[in-house]
Amino acid sequence: MNTKIIQINRENFTDAELAEAAEILRNGGLVAIPTETVYGLGANALDESASKKIYEAKGRPSDNPLIAHISCMDELSALVSEIPEAGRKLAEKYWPGPLTMVFPKKEIVPYGTTGGLETVAIRMPSDPVANRLIKLAGVPVAAPSANTSGRPSPTKAEHVVEDMNGKIEMIIDSGEVGIGVESTIVDVSGKVPMLLRPGAITMEMLRETLGEVEIDPAILGPLSADVKPKAPGMKYRHYAPQAEMTLVEGEMEHVVEFINQEAKLALEAGLKVGIICTEESRESYQCGMLKVIGSRENEESVAHNLFAVLREFDDQKVDCIFSESFSKDRLGQAIMNRLCKAAGYHIVKV
Ligand code: AMP
Ligand code: MG
């Protein structure tokens, strides 16, 4: 398939520029779209055969449910059988934005989109291109991250081209995304709201709006074989670079010392070594290929660069990666969740 790539300036575009993309979505095709979190791979969420194409293009297991994207509040009630109080409050405060909520689904939403679940995950993106495209398509848009399943999520159109060129009808290139990690997911279908995936809407923000919020154990560490994950997607390996990655936790001084030591050993063994450091620590490393993930003073910068850094190490074909770790407060919870998964929970405490 020939993939058409179009450039859209998110600050200044017309409906006419999005007309073809909207048409493709309505007709059951696939369009990669920029959003404020990461690039998404869009298809008509109400068309089971269109959702199926997403799974094929990504190589995604079919029990891993998709998030349906809407453009405004009026589009919600067609998809969900109930809007619980917690969902109403969060929608008022954080939609449009990087928050996904899980609701009981209406019959119209096919199991092919929800991975066989009776619930549906819904998000209203704030990115002007994504939001307008959904409106113009006139259908809810299922859109998981536009990467090959298991690879780091795409934060630039080039990443999408790498993974999806030739597999989908169109890629909309609007440059880099803003946030860089996927949306926060909260299940509001049960008695107590439950955080299923941390993101830019932090646990602190959710608790401020809702009071009690539970955390799914899958966020905090690897699931043991006998635990059935709440969201099927949680059981899969994610965001992984090709290299073996080690996340190093502890006081900075010890972390730097450990990484320098291990990097030297690995180099002596003939391996190509990558190091994920910060603006603050970049001068402290003596060998290996350094990549600055951001500044500790600005956790948004770390989230923004995280997946791009993992992809760059893939491009450089490094054999092993050592990464510093971060506080798990606020946005740090999302950052550490992605880094832990990328490292396959290979964490060393020093
Ligand atoms: P993404 O990989 O960004 O497309 O996000 C999809 C993730 O959303 C899945 O892997 C699940 O973790 C979660 N999800 C989607 N739908 C549901 C649902 N109905 N119930 C629980 N989690 C869901
Ligand atoms: Mg994804």
Side-chain angles (χ1 to χ4, degrees), residues 30 32-43 45 51 53-55 57-70 76 79-82 84 87 98-123 125 127 130 140-155 159-160 163-164 177 179-190 193-201 214-219 223 227-240 306-307 310-311 334 337-338 341-342:
L30 301 185
I33 54 181
T35 82
E36 68 274 29
T37 56
V38 300
Y39 271 85
L41 181 56
S51 299
K53 291 185 195 164
I54 290 183
Y55 289 98
K58 282 179 63 76
R60 178 172 171 123
S62 62
D63 64 348
N64 188 356
L66 305 176
I67 296 170
H69 293 71
I70 58 176
L76 180 62
L79 308 177
V80 308
S81 63
E82 190 200 336
L99 175 71
T100 297
M101 287 188 273
V102 174
F103 297 93
K105 80 172 190 73
K106 270 193 177 156
E107 213 169 303
I108 189 174
V109 183
Y111 290 117
T113 297
T114 68
L117 299 173
E118 293 301 335
T119 50
V120 59
I122 312 241
R123 181 163 101 81
D127 181 282
V141 175
S145 48
N147 54 304
T148 301
S149 200
R151 287 209 72 196
S153 294
T155 55
H159 299 160
V160 182
D163 287 11
M164 293 298 151
V177 301
I179 294 169
V181 290
E182 303 86 343
S183 59
T184 304
I185 304 180
V186 184
D187 186 348
V188 293
S189 70
M194 184 180 286
L195 179 68
L196 301 183
R197 177 172 76 187
I201 306 301
E214 287 175 352
I215 300 189
D216 191 286
I219 287 174
L223 286 173
V227 178
K228 191 175 183 295
K230 167 98 179 152
M234 290 172 158
K235 69 178 178 243
Y236 298 108
R237 188 161 179 252
H238 257 104
Y239 322 122
L306 196 156
F307 287 127
L310 295 178
R311 276 188 182 251
N337 170 266
R338 303 318 189 269
K341 287 190 171 199

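Remember, it's 1-based here, ligands and their atoms both numbered in the order they're listed. In this text the structure is predicted, and so the values were computed from the model without any measurement.
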Ligand 1 contact on [X] by region, counting heavy-atom pairs under 4.0 Å:
{"X": "I67", "answer": "side chain"}
{"X": "T114", "answer": "neither"}
{"X": "R197", "answer": "side chain"}
{"X": "T100", "answer": "neither"}

Out of [options], indicate the one that has the non-hydrogen atom closest to [atom].
{"atom": "atom 20 (N) of ligand 1", "options": "V186, V181, V38, V102", "result": "V102"}
{"atom": "atom 14 (N) of ligand 1", "options": "P144, P65, A146", "result": "P65"}
{"atom": "atom 6 (C) of ligand 1", "options": "K58, E182, R60, R123", "result": "R60"}

Which of the atoms of ligand 1 are close to [X], meaning less than 4.0 Å from one of its heavy atoms?
{"X": "L196", "value": "21 (C), 22 (N)"}
{"X": "N64", "value": "9 (C), 10 (O)"}
{"X": "T119", "value": "18 (C), 19 (N), 20 (N)"}
{"X": "I185", "value": "7 (C), 8 (O), 13 (C)"}
{"X": "L117", "value": "18 (C), 19 (N), 20 (N)"}

Drop me the distance from [X]'s [atom1] to [Y]'s [atom2], to the nearest 0.5 angstrom.
{"X": "R197", "Y": "L99", "atom1": "CZ", "atom2": "CG", "value": "10.5 Å"}
{"X": "I219", "Y": "I185", "atom1": "CD1", "atom2": "CD1", "value": "9.0 Å"}
{"X": "Y55", "Y": "D63", "atom1": "OH", "atom2": "CG", "value": "8.0 Å"}

Worksheet item: How about P154 and D163: do any of their side-chain heavy atoms sit closer than 4.5 Å?
Response: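 Not touching, per the 4.5 Å side-chain cut-off.
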Fill in: Under 3.5 Å donor-acceptor, R60 side chain and P65 backbone
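Yes, because the side chain of R60 sits within donor-acceptor range (under 3.5 Å) of the backbone of P65.
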Worksheet entry | Under 3.5 Å side-chain donor-acceptor pair for S145 and E182 |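 No - no donor-acceptor pair under 3.5 Å links their side chains.
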Worksheet item: Do any of the N, O or S atoms of S149 sit under 2.8 Å from the Mg ion (ligand 2)?
Response: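 No.
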Discussion item. Which residues pass the side chain to side chain donor-acceptor pair (under 3.5 Å) test with E214, not counting sequence neighbours?
Written reply: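 None.
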Less than 3.5 Å apart, which donor and acceptor atoms pair up between the side chains of residues 36-43 and the rest of the protein, not counting sequence neighbours?
{"from": "E36", "atom 1": "OE1", "to": "S126", "atom 2": "N", "distance (Å)": "3.3"}
{"from": "E36", "atom 1": "OE1", "to": "D127", "atom 2": "N", "distance (Å)": "3.2"}
{"from": "E36", "atom 1": "OE2", "to": "R123", "atom 2": "NH1", "distance (Å)": "2.7"}
{"from": "E36", "atom 1": "OE2", "to": "S126", "atom 2": "N", "distance (Å)": "2.9"}
{"from": "E36", "atom 1": "OE2", "to": "S126", "atom 2": "OG", "distance (Å)": "3.1"}
{"from": "T37", "atom 1": "OG1", "to": "T35", "atom 2": "OG1", "distance (Å)": "2.9"}
{"from": "T37", "atom 1": "OG1", "to": "R123", "atom 2": "NH2", "distance (Å)": "3.4"}
{"from": "Y39", "atom 1": "OH", "to": "S174", "atom 2": "N", "distance (Å)": "3.0"}
{"from": "Y39", "atom 1": "OH", "to": "G175", "atom 2": "N", "distance (Å)": "3.3"}
{"from": "Y39", "atom 1": "OH", "to": "G175", "atom 2": "O", "distance (Å)": "2.7"}

Discussion item. Could you walk me through whether R151 and N147 satisfy the side-chain hydrogen bond (donor to acceptor under 3.5 Å, both in side chains) test, starting with their C-alpha distance in whole Å, then the side-chain angles of each, then the deciding distance to 0.1 Å, before giving a yes or no?
Written reply: CA-CA 6 Å; R151 287 209 72 196; N147 54 304; over 6 Å; no
